[in-house]
2 protein chains.
Amino acid sequence: MSSDPPGFELPLRLFLGFRVLIDELHAELARQGHPDMRPMHGFVLQAILRGGDTAVELGRTLGVSKQAAGKTIETLERLGYVERATDPRDTRRKIVRLTGRGADSLALSARIFDDLRRRWADEIGEERLRALEADLRRVTPPDVLRLDVPGWFGGQ
Amino acid sequence: MSSDPPGFELPLRLFLGFRVLIDELHAELARQGHPDMRPMHGFVLQAILRGGDTAVELGRTLGVSKQAAGKTIETLERLGYVERATDPRDTRRKIVRLTGRGADSLALSARIFDDLRRRWADEIGEERLRALEADLRRVTPPDVLRLDVPGWFGGQ
DNA sequence: CCATATAGTCAATCAGGTTGTCTATCATGT
DNA sequence: ACATGATAGACAACCTGATTGACTATATGG
């Protein structure tokens with residue numbers, strides 16, 4: 001007759017799990033030629049891939065202002081992960097594209113995440129991991145790439 | 001013979017799960033008299049409870065500079081969640097204590113987290129939830145309150 | 001009693017977010 | 001054809017929360 005665990009452990013474990021994976025990803029990325037990548041860069045690159053090809057659209061996708069999105073794009077441009085070109089059909093728009101290096105970092109990240117998942121599967125078993133993923137899918141929103149991440153945690 | 005899910009889904013689901021819980025916590029806190037609390041305040045109050053009773057110690061616990069910890073303490077003081085008093089045995093130190101309101105917010109948070117956990121249990125089953133918690137415990141560090149949260153995600 | 005370490009504060013700086021304003025360009029309706 | 005309104009991006013001012021460096025006051029220990 002064991003009682004329920006305290007509810008506050010659940011969010012902490014979820015966050016720690018996230019943090020462990022992201023930290024290990026970036027340690028490995030740094031080892032493999034991407035020492036400048038920050039956790040949020042990967043999200044932004046993903047958001048650019050999935051249709052956020054101007055500052056305004058990217059801002060909408062990420063849930064920040066177009067100015068903030070513009071600054072983030074500048075940073076990624078300076079680091080060599082994206083490049084901008086004027087849209088010939090609408091010269092107001094500047095289309096953001098991943099560079100080879102940007103695409104490379106995403107492909108590499110995907111491989112690293114697969115490795116990390118395999119390590120978790122070794123630790124807790126593939127079935128349990130699948131169950132964990134399935135359960136999380138049931139209690140989280142389906143749209144996996146609606147971040148609103150930047151500045152969400154802090155504030156005031 | 002289904003193949004493994006892509007590894008990148010796992011961190012996203014963990015983060016989304018965390019975010020869902022924290023967002024619902026703060027919606028409920030706002031409804032119950034704590035509209036000014038931000039996600040990180042709860043962490044800081046916890047850290048203060050567990051022995052971070054000066055700016056320096058709090059900074060160490062949270063993984064930020066003592067100056068940053070001092071500013072956070074100021075904010076929480078202004079919001080009425082903590083108060084400071086000079087340590088009579090070492091007048092350099094200013095001891096931070098939770099106010100009644102601060103302690104209240106933590107007790108309330110604990111109740112809300114328990115409710116949220118119960119809702120997850122209703123959704124996926126108590127057994128699966130226990131398994132999920134147990135599995136996460138195996139793949140995350142045991143020390144649940146080593147945050148380093150502030151500023152961790154962004155940077156550069 | 002002096003030397004060193006520690007706690008807190010102040011100041012300058014930086015990153016990344018915000019809003020407001022401005023210009024250039026596009027789209028539309030008369 | 002053109003005036004009007006909407007949109008994309010850039011610029012500026014500001015806010016918050018972090019950083020480092022310098023400084024003061026207080027403890028501590030040889």
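Letters A, B, ... are given to chains in the order of the sequence lines, protein chains preceding strands, and every chain is numbered from 1. Given the structure is predicted, the values throughout are model-derived calculations rather than measurements.
Applying the ring pair (Phe, Tyr, Trp, His ring centres under 6.0 Å) test to every pair with at least one member in residues 88-132 of chain B, sequence neighbours left out, gives no pairs at all.
The CZ atom of A:R60 sits 10 Å away from the C1' atom of D:dA8 (whole-angstrom rounding). Regarding B:L58, its CG atom lies at a distance of 10 Å from the P atom of C:dG8, rounded to whole Å. In this structure, B:D53 places its CG atom 9 Å from P of C:dG8, rounding to the nearest Å. In this structure, CG of A:L79 is placed 12 Å from P of C:dA15, rounded to the nearest angstrom. The interatomic distance linking B:L76 (CG) with D:dT16 (P) rounds to 15 Å, in whole Å. Between the NZ atom of A:K66 and the P atom of C:dT19 there is a distance of 12 Å, given to the nearest Å. Across the protein-nucleic acid pair, B:R38 atom CZ and D:dA18 atom P stand 14 Å apart, rounded to whole Å. Atom-to-atom, CE of B:M40 to C1' of D:dA18 comes out at 11 Å; the value is rounded to the nearest Å.
Remark: A:D114 engages no residue in a side chain to side chain donor-acceptor pair (under 3.5 Å) (not counting sequence neighbours). Listed by chain and residue number, B:D87 satisfy the side chain to side chain contact (heavy atoms under 4.5 Å, CB included) test with B:R89 (two or more places apart in sequence, or in another chain). Residues passing the side chain to side chain contact (heavy atoms under 4.5 Å, CB included) test with A:A121 are A:E126, A:L129, sequence neighbours excluded. B:Y81 pairs by the ring pair (Phe, Tyr, Trp, His ring centres under 6.0 Å) definition with B:H34, not counting sequence neighbours.
For D:dG9, its base never sits under 3.5 Å from the side chain of A:K94 at any donor and acceptor pair. One cannot find a donor-acceptor pair under 3.5 Å joining the base of D:dG17 and the side-chain atoms of B:E74. Side-chain atoms of A:Q67 and base atoms of C:dG20 include a donor and an acceptor less than 3.5 Å apart.
The side chain of B:T72 contributes no N or O atom lying less than 4.0 Å from OP1 or OP2 of D:dT16. Listed pair A:T54 / D:dA8 fails the phosphate criterion, with no side-chain N or O lying under 4.0 Å from OP1 or OP2.
Residue B:A55 is in sugar-phosphate contact alone, with no base atom involved, counting any heavy-atom pair closer than 4.0 Å across all strands shown.
Nearest approach of B:L98 to B:L45, heavy atoms of both residues: CD1-O, 4.0 Å.
Heavy-atom nearest nucleotides on DNA chain C were determined for B:R93 and for A:R92, and the one closer to the 5' end corresponds to B:R93.
Classification of B:D115 and B:R118 as a salt-bridged pair holds, one side-chain N sitting under 4.0 Å from a carboxylate O.
If you check residues 83-91 of chain A against DNA chain D, the residues with a heavy atom closer than 4.0 Å are A:R84, listed by number.
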